[in-house]
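Notes follow the structure.
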Amino acid sequence: MKAITVVEPNKVVLEEREKPKITAPDQVLVKIKAAGICGSDVHVAHGTNPYAKYPVVIGHEAAGEIEAVGEDVKDLEIGDGVVFEPITYCGKCYACRTGHHNVCKELKVLGCIVDGVFQDYFVCRRSQVYRFDKNKMSYIQAATCEPYTIGAQANWRGNVSKGDVVLVHGAGPIGLIVADVAKSRGATVIVSEPNESRLKMAKDFGADYMVNPMKEDLDQVIFEITNGEGVNVVFEAAGIPALLSHATEILSPAGRLVAMTFGKEPIPVNFKAINAKELTILGTRHQYQKFPETVENLPMRLDRVDKLITHVFTVEEYQKAFDTLADKNSGAGKVILTF
Ligand SMILES: [Zn+2]
Ligand SMILES: [Zn+2]
């Protein structure tokens with residue numbers, strides 16, 4: 001079977017591997033059908049992901065079909081469609097004991113620390129897969145489940161509630177998903193993005209206001225929309241460190257900053273504003289327990305999912321797929337590989 005392996009930073013190969021077998025009664029064997037390429041896969045490929053171990057099969061956003069189950073697995077059948085939770089955790093450490101399994105001290109991330117899903121077959125524990133209804137969405141569509149769980153986690157972290165005014169920096173796939181989830185939680189959504197074609201997409205993902213910060217004064221727009229109060233939640237999904245610092249200025253009292261990105265260097269924060277307005281700064285990493293709700297409601301979002309997926313390539317075309325994702329003029333949103 002085929003696997004996309006990063007042998008060492010900047011050396012990606014499509015290699016032939018032996019098909020894995022079930023070795024424990026609680027495992028399942030999944031035929032991978034479709035998998036999305038994430039920015040973090042690119043970081044692992046380029047050696048810029050600080051957690052990565054090499055060599056490693058990349059990929060963590062996949063959907064596939066159950067091909068075999070271990071003897072203890074009674075609730076899945078051969079042919080069922082499943083998506084993967086791409087993390088494993090110890091269940092015992094402080095983070096796990098307090099419901100933050102996604103930051104477990106022994107966290108293992110597929111496609112980064114352990115082999116991921118860019119391969120024809122994958123064996124994992126039953127608890128790591130979630131069944132989806134194949135009549136309601138395709139494997140390609142279901143592959144966007146994982147990034148949607150990231151959007152769900154970020155919104156949960158920010159406690160986005162009905163009536164909140166939310167600002168999302170960046171209209172890449174994750175920014176758009178965050179906006180979509182915020183809208184469905186009843187928020188008014190502002191999306192700020194300098195790339196006009198991406199910004200246009202934000203409208204379909206629930207943006208009530210689209211701002212090009214190169215053309216408009218974002219602070220002024222926020223001031224007007226919120227009657228001078230400021231936004232209640234800021235999501236930084238653009239990867240610009242200065243926007244994290246800037247958030248303290250545009251947040252309302254009791255506002256929340258959800259930092260979906262981080263800079264290479266420490267970023268100065270105005271703690272006077274944090275204190276005066278009782279602001280909350282929240283990290284967000286992967287997700288915990290967001291798969292059941294996401295698998296359930298993704299079929300209601302297929303109009304958006306189909307807009308998010310701009311390119312589909314076969315696994316053999318992986319180089320073209322990576323190039324398309326890297327090309328700023330390709331219009332790439334979510335790029336999916338099929339197996
Ligand atoms: Zn991802
Ligand atoms: Zn743990």
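On a predicted model such as this, the values are computed, not experimentally measured, just so you know. Atoms within a ligand are numbered from 1 in the order they appear, just like the ligands themselves.
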- Are Phe322 and Phe313 near enough that their ring centres are under 6.0 Å apart? no

- Pairwise ring pair (Phe, Tyr, Trp, His ring centres under 6.0 Å) hits with a residue in residues 83-106, at least two apart: Phe84-Phe122, Tyr89-His101, Tyr89-Tyr288, His101-Tyr288

- Scan side-chain atoms only and decide if Arg301 and Ser184 contain a donor-acceptor pair under the 3.5 Å cut-off. yes

- Message: Tell me whether the Zn ion (ligand 2) has His101 as a neighbour, meaning an N, O or S atom of it below 2.8 Å.
- Response: no

- Hey, could you give me the CG/OG1 distance between Leu107 and Thr88, rounded to the nearest 0.5 Å? 6.5 Å

- Message: Taking CZ in Arg125 as the centre, count heavy atoms belonging to other residues, nucleotides or ligands within less than 6.0 Å. Is the count above 12?
- Response: no

- Measure from the side-chain N and O atoms of Asp327 to the backbone N and O of Asp323, and report whether any donor-acceptor pair falls under 3.5 Å. no

- Message: Just to be careful: counting only protein atoms that are N, O or S, how many fall under 2.8 Å of the Zn ion (ligand 1)?
- Response: 3

